[in-house]
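The block underneath contains the structure these notes are about, expressed in C-alpha coordinates.
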Amino acid sequence: MTQKILLTGGLGYIGSHTYVELIAAGYDVVIVDNLSNSKLSVCDRLAKITGQETSFIQADILDRSALSQIFAKDAFDAVIHFAGLKAVGESVEKPLDYMQVNVTGLVNILQEMQTANVNALVFSSSATVYDVSNVSPLKEGMPTGYTNPYGYTKLVCEQILAQATHANPELKTGILRYFNPAGAHSSGLIGEDPRDIPNNLMPYISRVASGEYEFVRIWGDDYPTPDGTGVRDYIHVDDLATGHVSSLHALLDKGESHLVNLGRGQGYSVMDVLNAYSRACGRELPHQILPRRAGDIAQMYADVEQAKQVLGFEVCRDMDAMCATSWNWINTGAKDG
Ligand code: NAD
Ligand code: UDP
(Lines give C-alpha, C1' and ligand atoms only; values in the text may rest on other atoms or scores of the structure.)
(Ligands and ions follow the chains in the order given, each with its own letter.)
Protein backbone atom coordinates (compact mmCIF):
# COMPACT_ATOMS: atom_id res chain seq x y z
CA MET A 1 0.00 0.00 0.00
CA THR A 2 1.14 3.55 -0.70
CA GLN A 3 2.70 5.13 2.34
CA LYS A 4 1.43 8.50 3.46
CA ILE A 5 3.81 11.21 4.58
CA LEU A 6 3.13 14.51 6.33
CA LEU A 7 5.54 17.23 5.23
CA THR A 8 5.62 20.26 7.54
CA GLY A 9 7.16 23.33 5.92
CA GLY A 10 6.80 21.57 2.59
CA LEU A 11 6.39 24.75 0.54
CA GLY A 12 9.78 26.08 1.66
CA TYR A 13 13.13 25.72 -0.05
CA ILE A 14 14.21 22.25 1.05
CA GLY A 15 10.67 20.97 1.66
CA SER A 16 9.47 21.69 -1.87
CA HIS A 17 12.42 19.88 -3.46
CA THR A 18 11.92 16.95 -1.10
CA TYR A 19 8.23 16.83 -2.03
CA VAL A 20 9.19 16.29 -5.69
CA GLU A 21 11.53 13.39 -4.78
CA LEU A 22 8.91 11.81 -2.50
CA ILE A 23 6.27 11.86 -5.23
CA ALA A 24 8.82 10.40 -7.68
CA ALA A 25 9.53 7.65 -5.14
CA GLY A 26 5.81 6.78 -4.98
CA TYR A 27 4.79 8.29 -1.64
CA ASP A 28 1.47 9.97 -0.98
CA VAL A 29 2.32 13.36 0.53
CA VAL A 30 0.35 16.02 2.42
CA ILE A 31 2.03 19.41 2.93
CA VAL A 32 1.35 21.60 5.95
CA ASP A 33 2.76 25.12 5.90
CA ASN A 34 1.70 28.48 7.34
CA LEU A 35 3.21 30.40 4.38
CA SER A 36 5.30 32.56 6.74
CA ASN A 37 8.33 32.05 4.50
CA SER A 38 6.85 30.64 1.30
CA LYS A 39 4.27 31.34 -1.36
CA LEU A 40 1.04 29.56 -2.23
CA SER A 41 2.11 29.60 -5.91
CA VAL A 42 4.64 26.86 -5.03
CA CYS A 43 1.67 24.45 -4.91
CA ASP A 44 0.90 25.03 -8.60
CA ARG A 45 4.55 24.73 -9.49
CA LEU A 46 4.84 21.44 -7.64
CA ALA A 47 1.77 20.23 -9.52
CA LYS A 48 3.43 21.21 -12.81
CA ILE A 49 6.61 19.32 -11.93
CA THR A 50 4.94 16.18 -10.58
CA GLY A 51 1.94 16.09 -12.92
CA GLN A 52 -0.46 15.67 -10.01
CA GLU A 53 -2.43 17.96 -7.75
CA THR A 54 -0.60 19.10 -4.60
CA SER A 55 -2.26 18.17 -1.35
CA PHE A 56 -1.76 21.25 0.84
CA ILE A 57 -3.18 22.42 4.16
CA GLN A 58 -2.43 25.94 5.37
CA ALA A 59 -1.82 25.60 9.10
CA ASP A 60 0.62 26.62 11.81
CA ILE A 61 2.46 23.93 13.77
CA LEU A 62 1.81 26.02 16.89
CA ASP A 63 -1.94 25.58 16.38
CA ARG A 64 -2.64 22.38 18.30
CA SER A 65 -6.27 22.04 17.28
CA ALA A 66 -5.40 22.40 13.59
CA LEU A 67 -2.65 19.80 14.02
CA SER A 68 -5.01 17.35 15.79
CA GLN A 69 -7.47 17.66 12.92
CA ILE A 70 -4.73 17.00 10.39
CA PHE A 71 -3.58 13.87 12.21
CA ALA A 72 -7.18 12.71 12.74
CA LYS A 73 -8.08 13.07 9.05
CA ASP A 74 -5.26 10.99 7.56
CA ALA A 75 -3.36 7.96 8.78
CA PHE A 76 0.26 8.99 8.28
CA ASP A 77 3.12 6.51 8.16
CA ALA A 78 5.73 9.17 8.84
CA VAL A 79 6.35 12.89 9.28
CA ILE A 80 9.17 14.92 7.72
CA HIS A 81 9.49 18.05 9.80
CA PHE A 82 10.96 21.06 7.96
CA ALA A 83 8.78 23.84 9.39
CA GLY A 84 10.78 26.28 11.45
CA LEU A 85 12.67 29.54 11.58
CA LYS A 86 16.21 29.53 10.23
CA ALA A 87 17.78 33.01 10.17
CA VAL A 88 20.77 33.10 12.52
CA GLY A 89 20.87 36.91 12.84
CA GLU A 90 17.13 37.16 13.53
CA SER A 91 17.42 34.43 16.16
CA VAL A 92 19.83 36.62 18.15
CA GLU A 93 17.23 39.40 18.17
CA LYS A 94 14.17 37.20 18.74
CA PRO A 95 15.39 34.12 20.63
CA LEU A 96 11.99 33.39 22.16
CA ASP A 97 10.32 33.21 18.74
CA TYR A 98 12.92 30.63 17.75
CA MET A 99 12.34 28.58 20.92
CA GLN A 100 8.59 28.72 20.34
CA VAL A 101 8.49 27.76 16.67
CA ASN A 102 11.46 25.39 16.54
CA VAL A 103 11.28 23.74 19.95
CA THR A 104 7.59 23.96 20.91
CA GLY A 105 6.71 23.23 17.29
CA LEU A 106 8.65 19.96 17.41
CA VAL A 107 7.10 18.99 20.75
CA ASN A 108 3.63 19.65 19.29
CA ILE A 109 4.38 17.41 16.32
CA LEU A 110 5.74 14.64 18.57
CA GLN A 111 2.71 14.77 20.85
CA GLU A 112 0.29 14.63 17.93
CA MET A 113 2.27 11.75 16.45
CA GLN A 114 2.05 9.91 19.76
CA THR A 115 -1.72 10.38 19.97
CA ALA A 116 -2.16 9.22 16.38
CA ASN A 117 0.35 6.37 16.81
CA VAL A 118 2.66 7.65 14.08
CA ASN A 119 6.15 6.36 14.84
CA ALA A 120 8.56 7.69 12.22
CA LEU A 121 9.97 11.20 12.03
CA VAL A 122 12.65 12.77 9.84
CA PHE A 123 14.02 15.95 11.38
CA SER A 124 15.89 18.86 9.70
CA SER A 125 18.95 19.46 11.83
CA SER A 126 22.04 21.36 10.85
CA ALA A 127 25.83 21.23 10.83
CA THR A 128 25.58 24.24 13.13
CA VAL A 129 25.16 21.81 16.06
CA TYR A 130 28.86 20.85 15.85
CA ASP A 131 31.09 22.58 18.35
CA VAL A 132 33.19 25.17 16.52
CA SER A 133 36.42 23.72 17.92
CA ASN A 134 35.98 20.45 15.98
CA VAL A 135 38.34 19.92 13.06
CA SER A 136 36.77 18.92 9.70
CA PRO A 137 35.79 16.46 8.38
CA LEU A 138 33.01 16.58 10.97
CA LYS A 139 31.86 13.18 12.22
CA GLU A 140 28.48 12.57 13.85
CA GLY A 141 30.04 11.52 17.17
CA MET A 142 32.02 14.74 17.62
CA PRO A 143 31.18 17.22 20.42
CA THR A 144 28.21 19.50 19.86
CA GLY A 145 27.71 23.13 20.83
CA TYR A 146 26.04 26.33 19.74
CA THR A 147 26.95 29.95 19.13
CA ASN A 148 23.50 31.50 18.59
CA PRO A 149 19.84 30.86 19.52
CA TYR A 150 19.07 29.19 16.16
CA GLY A 151 21.84 26.64 16.70
CA TYR A 152 20.68 26.19 20.28
CA THR A 153 17.15 25.27 19.12
CA LYS A 154 18.50 22.65 16.69
CA LEU A 155 20.64 21.10 19.42
CA VAL A 156 17.73 21.08 21.91
CA CYS A 157 15.51 19.48 19.25
CA GLU A 158 18.07 16.70 18.73
CA GLN A 159 18.14 16.14 22.50
CA ILE A 160 14.34 16.12 22.71
CA LEU A 161 14.27 13.46 19.99
CA ALA A 162 16.81 11.36 21.92
CA GLN A 163 14.63 11.56 25.07
CA ALA A 164 11.44 10.81 23.12
CA THR A 165 12.90 7.70 21.45
CA HIS A 166 14.32 6.55 24.77
CA ALA A 167 10.85 6.76 26.35
CA ASN A 168 9.11 5.19 23.35
CA PRO A 169 11.20 2.53 21.60
CA GLU A 170 8.52 2.29 18.89
CA LEU A 171 9.42 5.79 17.75
CA LYS A 172 12.11 5.86 15.03
CA THR A 173 13.83 9.11 14.11
CA GLY A 174 16.09 10.22 11.29
CA ILE A 175 18.10 13.25 12.36
CA LEU A 176 19.69 14.80 9.28
CA ARG A 177 22.44 17.35 9.80
CA TYR A 178 22.42 19.44 6.65
CA PHE A 179 25.55 21.20 5.52
CA ASN A 180 25.06 24.13 3.10
CA PRO A 181 22.11 23.53 0.74
CA ALA A 182 22.45 25.27 -2.64
CA GLY A 183 21.04 25.17 -6.17
CA ALA A 184 17.51 24.65 -7.42
CA HIS A 185 15.31 22.16 -9.26
CA SER A 186 16.29 21.66 -12.90
CA SER A 187 12.83 22.81 -14.06
CA GLY A 188 13.56 26.35 -12.82
CA LEU A 189 10.13 26.33 -11.16
CA ILE A 190 11.23 26.06 -7.52
CA GLY A 191 14.29 27.36 -5.70
CA GLU A 192 15.48 29.52 -2.84
CA ASP A 193 13.72 32.86 -2.58
CA PRO A 194 14.78 34.78 0.55
CA ARG A 195 12.51 37.67 1.54
CA ASP A 196 15.28 39.87 2.96
CA ILE A 197 18.88 40.60 2.00
CA PRO A 198 20.39 37.11 1.96
CA ASN A 199 22.87 36.32 4.66
CA ASN A 200 23.98 33.14 2.90
CA LEU A 201 26.56 33.16 0.17
CA MET A 202 24.82 31.48 -2.79
CA PRO A 203 21.58 33.55 -2.76
CA TYR A 204 23.66 36.71 -2.36
CA ILE A 205 25.83 35.82 -5.36
CA SER A 206 22.71 35.05 -7.39
CA ARG A 207 21.44 38.58 -6.75
CA VAL A 208 24.74 40.02 -7.93
CA ALA A 209 24.41 37.89 -11.06
CA SER A 210 20.88 39.20 -11.64
CA GLY A 211 22.09 42.79 -11.24
CA GLU A 212 20.16 43.45 -8.03
CA TYR A 213 23.34 43.95 -5.99
CA GLU A 214 26.55 45.50 -7.26
CA PHE A 215 29.19 43.12 -5.93
CA VAL A 216 29.76 40.06 -3.79
CA ARG A 217 31.03 40.87 -0.32
CA ILE A 218 33.69 38.37 0.61
CA TRP A 219 33.93 38.18 4.36
CA GLY A 220 37.68 37.74 4.81
CA ASP A 221 40.52 36.40 2.68
CA ASP A 222 43.02 35.76 5.46
CA TYR A 223 41.74 32.40 6.72
CA PRO A 224 44.13 29.44 6.87
CA THR A 225 42.52 27.91 3.75
CA PRO A 226 44.07 27.37 0.28
CA ASP A 227 42.92 30.77 -1.09
CA GLY A 228 42.28 32.50 2.25
CA THR A 229 38.47 32.58 1.93
CA GLY A 230 36.05 30.52 4.06
CA VAL A 231 35.43 26.88 3.10
CA ARG A 232 32.04 25.16 3.42
CA ASP A 233 30.42 21.93 2.28
CA TYR A 234 27.72 22.89 -0.26
CA ILE A 235 25.21 20.21 -1.23
CA HIS A 236 22.73 20.43 -4.11
CA VAL A 237 19.19 20.72 -2.72
CA ASP A 238 18.05 17.85 -4.98
CA ASP A 239 20.73 15.60 -3.47
CA LEU A 240 19.58 16.74 -0.03
CA ALA A 241 16.03 15.88 -1.04
CA THR A 242 16.96 12.31 -2.03
CA GLY A 243 18.66 11.99 1.37
CA HIS A 244 15.19 12.35 2.92
CA VAL A 245 13.83 9.54 0.77
CA SER A 246 16.74 7.35 1.92
CA SER A 247 16.03 8.33 5.53
CA LEU A 248 12.35 7.34 5.16
CA HIS A 249 13.40 3.96 3.72
CA ALA A 250 15.62 3.34 6.74
CA LEU A 251 12.83 4.30 9.17
CA LEU A 252 9.84 2.67 7.51
CA ASP A 253 11.35 -0.38 5.82
CA LYS A 254 14.17 -1.24 8.23
CA GLY A 255 12.91 0.36 11.47
CA GLU A 256 16.31 2.00 12.02
CA SER A 257 16.80 5.34 13.74
CA HIS A 258 19.82 7.29 12.57
CA LEU A 259 21.71 10.56 12.92
CA VAL A 260 23.71 11.46 9.83
CA ASN A 261 25.43 14.31 8.06
CA LEU A 262 24.08 15.25 4.65
CA GLY A 263 26.87 16.97 2.75
CA ARG A 264 29.18 16.32 -0.18
CA GLY A 265 32.15 15.66 2.04
CA GLN A 266 34.13 18.26 0.15
CA GLY A 267 34.88 21.89 0.90
CA TYR A 268 34.51 24.77 -1.54
CA SER A 269 35.93 28.22 -0.78
CA VAL A 270 34.01 31.45 -1.30
CA MET A 271 36.21 32.08 -4.36
CA ASP A 272 35.40 28.59 -5.72
CA VAL A 273 31.68 29.37 -5.45
CA LEU A 274 32.08 32.81 -6.99
CA ASN A 275 34.10 31.43 -9.91
CA ALA A 276 31.61 28.62 -10.51
CA TYR A 277 28.70 31.10 -10.50
CA SER A 278 30.58 33.38 -12.90
CA ARG A 279 30.94 30.41 -15.27
CA ALA A 280 27.23 29.61 -14.90
CA CYS A 281 26.02 33.13 -15.68
CA GLY A 282 28.65 33.82 -18.31
CA ARG A 283 30.31 36.90 -16.83
CA GLU A 284 32.87 37.58 -14.16
CA LEU A 285 30.98 38.71 -11.08
CA PRO A 286 32.46 41.67 -9.21
CA HIS A 287 33.54 41.22 -5.61
CA GLN A 288 35.15 43.11 -2.76
CA ILE A 289 37.18 41.69 0.09
CA LEU A 290 35.84 42.87 3.45
CA PRO A 291 36.82 42.01 7.04
CA ARG A 292 35.83 38.61 8.47
CA ARG A 293 32.21 38.17 9.54
CA ALA A 294 31.83 37.82 13.33
CA GLY A 295 31.43 34.23 14.46
CA ASP A 296 32.62 32.62 11.19
CA ILE A 297 35.08 29.76 11.22
CA ALA A 298 37.69 29.04 8.54
CA GLN A 299 36.34 25.79 7.23
CA MET A 300 33.82 23.05 7.82
CA TYR A 301 32.88 20.02 5.79
CA ALA A 302 31.21 16.72 6.48
CA ASP A 303 32.46 13.22 6.95
CA VAL A 304 29.94 11.39 4.74
CA GLU A 305 30.80 7.79 5.63
CA GLN A 306 27.88 7.35 8.03
CA ALA A 307 25.33 8.58 5.46
CA LYS A 308 26.81 6.12 2.97
CA GLN A 309 26.85 3.18 5.39
CA VAL A 310 23.48 3.75 7.09
CA LEU A 311 21.43 5.25 4.26
CA GLY A 312 23.37 4.26 1.15
CA PHE A 313 23.36 7.99 0.43
CA GLU A 314 25.74 9.57 -2.07
CA VAL A 315 25.54 12.91 -3.87
CA CYS A 316 25.32 13.17 -7.66
CA ARG A 317 25.69 16.91 -8.30
CA ASP A 318 28.72 19.22 -8.02
CA MET A 319 29.21 22.97 -7.56
CA ASP A 320 28.80 23.71 -11.28
CA ALA A 321 25.38 22.01 -11.16
CA MET A 322 24.43 23.99 -8.05
CA CYS A 323 25.32 27.29 -9.73
CA ALA A 324 23.77 26.41 -13.11
CA THR A 325 20.42 25.40 -11.55
CA SER A 326 20.44 28.42 -9.23
CA TRP A 327 21.01 30.73 -12.20
CA ASN A 328 18.30 28.99 -14.23
CA TRP A 329 15.87 29.49 -11.32
CA ILE A 330 16.80 33.16 -10.89
CA ASN A 331 16.32 33.77 -14.62
CA THR A 332 13.03 31.94 -14.96
CA GLY A 333 10.92 30.79 -12.01
CA ALA A 334 11.98 33.31 -9.37
CA LYS A 335 11.04 36.24 -11.65
CA ASP A 336 7.36 35.54 -12.08
CA GLY A 337 6.68 34.09 -8.73
P1 NAD B 1 12.29 27.69 4.49
O2 NAD B 1 12.04 28.89 5.35
O3 NAD B 1 12.41 27.88 3.03
O4 NAD B 1 11.13 26.60 4.76
C5 NAD B 1 10.48 26.47 6.00
C6 NAD B 1 8.99 26.43 5.72
O7 NAD B 1 8.31 26.30 6.99
C8 NAD B 1 8.46 27.71 5.08
O9 NAD B 1 7.67 27.37 3.95
C10 NAD B 1 7.62 28.37 6.17
O11 NAD B 1 6.51 29.07 5.64
C12 NAD B 1 7.21 27.18 7.01
N13 NAD B 1 6.95 27.49 8.42
C14 NAD B 1 7.70 28.26 9.24
N15 NAD B 1 7.13 28.33 10.46
C16 NAD B 1 6.01 27.57 10.40
C17 NAD B 1 5.00 27.26 11.34
N18 NAD B 1 5.01 27.77 12.58
N19 NAD B 1 3.99 26.44 10.96
C20 NAD B 1 3.96 25.94 9.70
N21 NAD B 1 4.88 26.22 8.76
C22 NAD B 1 5.89 27.02 9.11
O23 NAD B 1 13.57 26.95 5.09
P24 NAD B 1 14.44 25.76 4.47
O25 NAD B 1 15.73 26.33 4.05
O26 NAD B 1 13.63 24.97 3.53
O27 NAD B 1 14.72 24.93 5.80
C28 NAD B 1 13.90 23.85 6.20
C29 NAD B 1 14.43 23.29 7.51
O30 NAD B 1 15.79 22.92 7.34
C31 NAD B 1 14.39 24.30 8.66
O32 NAD B 1 14.04 23.61 9.84
C33 NAD B 1 15.83 24.78 8.75
O34 NAD B 1 16.19 25.19 10.05
C35 NAD B 1 16.59 23.52 8.34
N36 NAD B 1 17.93 23.82 7.79
C37 NAD B 1 18.05 24.68 6.73
C38 NAD B 1 19.31 24.99 6.24
C39 NAD B 1 19.50 25.96 5.10
O40 NAD B 1 20.62 26.46 4.92
N41 NAD B 1 18.46 26.25 4.28
C42 NAD B 1 20.45 24.39 6.80
C43 NAD B 1 20.29 23.50 7.86
C44 NAD B 1 19.01 23.22 8.35
N1 UDP C 1 30.16 34.59 2.87
C2 UDP C 1 30.68 35.68 2.20
N3 UDP C 1 29.83 36.65 1.76
C4 UDP C 1 28.48 36.58 1.96
C5 UDP C 1 27.95 35.47 2.63
C6 UDP C 1 28.83 34.50 3.09
O7 UDP C 1 31.90 35.79 2.02
O8 UDP C 1 27.75 37.50 1.53
C9 UDP C 1 31.07 33.50 3.31
C10 UDP C 1 31.04 33.20 4.79
O11 UDP C 1 32.00 34.00 5.46
C12 UDP C 1 31.36 31.70 4.81
C13 UDP C 1 30.75 31.18 3.51
O14 UDP C 1 30.60 32.32 2.67
O15 UDP C 1 32.76 31.50 4.74
C16 UDP C 1 29.38 30.53 3.69
O17 UDP C 1 28.55 31.43 4.42
P18 UDP C 1 26.99 31.12 4.62
O19 UDP C 1 26.44 32.24 5.46
O20 UDP C 1 26.35 30.89 3.29
O21 UDP C 1 26.97 29.73 5.39
P22 UDP C 1 27.48 29.35 6.88
O23 UDP C 1 28.56 30.30 7.25
O24 UDP C 1 26.28 29.46 7.73
O25 UDP C 1 27.99 27.96 6.73
Side-chain angles (χ1 to χ4, degrees), residues 7-18 31-40 42 56-63 66-67 80-89 91 97-98 100-102 104-106 108-109 122-129 147-148 150-151 153-154 157 176-182 190-195 197-205 207-208 213 215-221 223 225 228-235 237 240-241 244 262-263 267-274 287-301:
L7 215 61
T8 74
L11 295 187
Y13 175 44
I14 305 169
S16 57
H17 290 78
T18 301
I31 293 175
V32 167
D33 200 300
N34 70 351
L35 300 176
S36 61
N37 198 33
S38 51
K39 293 175 183 157
L40 191 56
V42 174
F56 168 62
I57 301 165
Q58 184 173 347
D60 196 305
I61 55 164
L62 298 177
D63 181 345
L67 276 188
I80 305 185
H81 182 43
F82 293 106
L85 303 178
K86 62 165 185 176
V88 172
S91 79
D97 288 2
Y98 276 68
Q100 187 179 34
V101 178
N102 293 2
T104 307
L106 173 67
N108 287 349
I109 295 286
V122 179
F123 177 70
S124 300
S125 191
S126 165
T128 193
V129 301
T147 53
N148 55 67
Y150 168 71
T153 64
K154 288 292 171 189
C157 285
L176 307 180
R177 289 181 177 166
Y178 310 155
F179 279 67
N180 295 51
I190 52 172
E192 192 175 15
D193 194 9
R195 296 209 162 164
I197 298 173
N199 194 44
N200 293 119
L201 181 63
M202 182 76 87
Y204 197 95
I205 293 181
R207 289 190 184 184
V208 174
Y213 302 143
F215 58 86
V216 177
R217 305 165 303 175
I218 297 186
W219 304 126
D221 69 347
Y223 284 106
T225 59
T229 64
V231 166
R232 297 289 183 275
D233 186 338
Y234 299 87
I235 174 169
V237 66
L240 196 59
H244 292 74
L262 290 184
Y268 293 99
S269 73
V270 176
M271 283 311 294
D272 290 335
V273 181
L274 182 60
H287 69 271
Q288 276 188 23
I289 308 291
L290 295 166
R292 292 180 181 191
R293 185 172 67 178
D296 270 357
I297 59 171
Q299 65 173 340
M300 68 194 283
Y301 54 92

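We count ligands from 1, going down the list as the structure has it; atoms in each ligand are counted the same way.
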(request) Indicate yes or no: at least one non-hydrogen side-chain atom of Phe56 is less than 4.5 angstrom from one of Leu7. (result) no
(message) Using the ring-ring contact (aromatic ring centres under 6.0 Å, His included) criterion, which residues pair with Phe123? Sequence neighbours excluded.
(response) none
(request) With heavy atoms of Gly230 as the reference, note each atom of ligand 2 found under 4.0 Å away. (result) 15 (O)
(request) Check His244 against Phe82 and note the closest heavy-atom contact, atom names and distance. (result) NE2-CE2, 3.4 Å
(message) To check your reading of the model: name the closest protein heavy atom to atom 2 (C) of ligand 2, its residue, and the distance in Å.
(response) Trp219 CD1, 3.1 Å
(request) Compare every heavy atom of Ala127 with every heavy atom of Met300, then report the nearest pair and how far apart it is. (result) CE-O, 3.6 Å
(request) Report the part of Asn199 (side chain from C-beta onward, or backbone N, CA, C, O) that has a heavy atom under 4.0 Å from ligand 2; answer both or neither where that applies. (result) backbone
(request) Applying side-chain contact (heavy atoms from CB on, under 4.5 Å), run through Gln100 and Leu62 and close with a yes or a no. (result) CA-CA 8 Å; Gln100 187 179 34; Leu62 298 177; 3.9 Å; yes
(message) Any nitrogen or oxygen of Leu201 lying under 3.5 Å from a nitrogen or oxygen in ligand 2? Just yes or no.
(response) yes
(message) Give me the nearest non-hydrogen protein atom to atom 14 (O) of ligand 2 as residue plus atom name, then the distance to 0.1 Å.
(response) Val270 CG2, 3.5 Å
(request) Tell me, please, which residues at least two apart from Tyr213 pass ring-ring contact (aromatic ring centres under 6.0 Å, His included). (result) Tyr204
(request) Compare all side-chain heavy atoms of Arg177 with those of Ser126 and state whether any distance is below 4.5 angstrom. (result) no
(request) Report yes if Tyr204 has an N/O atom closer than 3.5 Å to an N/O atom of ligand 2; otherwise report no. (result) no
(request) Considering the heavy atoms of Asn180, write down every atom of ligand 2 situated less than 4.0 Å from one of them. (result) 21 (O), 22 (P), 25 (O)
(message) Taking the side chain as everything from C-beta on, heavy atoms only, tell me whether Leu11 gets closer than 4.5 Å to Ser16.
(response) no
(request) Consider only side-chain N and O atoms of Tyr223 and Thr229, and report whether a donor and an acceptor are under 3.5 Å apart. (result) no
(request) Give the minimum heavy-atom separation between Gly151 and Val129, together with the two atoms involved. (result) O-CG1, 4.4 Å
(message) For a quick check: using heavy atoms under 4.0 Å, what are the residues in contact with ligand 1, sorted by chain and number?
(response) Gly9, Leu11, Gly12, Tyr13, Ile14, Asp33, Asn34, Leu35, Ser36, Asn37, Ser38, Ala59, Asp60, Ile61, Phe82, Ala83, Gly84, Lys86, Val101, Ser124, Ser125, Ser126, Tyr150, Lys154, Tyr178, Pro181
(request) Identify, by atom number and element, the atoms of ligand 2 in contact range of Ile218, meaning under 4.0 Å from any of its heavy atoms. (result) 7 (O)
(message) Students should be able to answer this: which protein heavy-atom is nearest to atom 10 (C) of ligand 2, and at what distance?
(response) Asp296 OD2, 3.4 Å
(message) Heavy atoms only, cut-off 4.0 Å: how does Asn200 contact ligand 2, side chain, backbone, both, or neither?
(response) both
(request) Return the minimal non-hydrogen interatomic distance between Ala182 and Met202, and the atom names on each side. (result) CB-CE, 3.6 Å
(message) Minimum heavy-atom separation for His81 and Gly105, please, with both atom names.
(response) NE2-C, 4.4 Å
(request) Could you tell me which residues satisfy salt bridge (charged side-chain N to carboxylate O under 4.0 Å, His left out) with Asp193, sequence neighbours excluded, listed by chain and number? (result) Lys39
(request) Under 4.0 Å, heavy atoms only, figure out whether ligand 2 is touched by the backbone of Tyr213, its side chain, both or neither. (result) neither
(message) Contact between ligand 2 and Tyr234 is defined here as a heavy atom of the residue under 4.0 Å from a ligand atom; is it met?
(response) yes
(message) For atom 17 (O) of ligand 2, what's the nearest protein heavy-atom neighbour? Residue, atom name and distance, please.
(response) Arg293 NH2, 3.4 Å
(request) Under 4.0 Å from a heavy atom of Arg217: give me the atoms of ligand 2 that qualify, with their elements. (result) 2 (C), 3 (N), 4 (C), 7 (O), 8 (O)
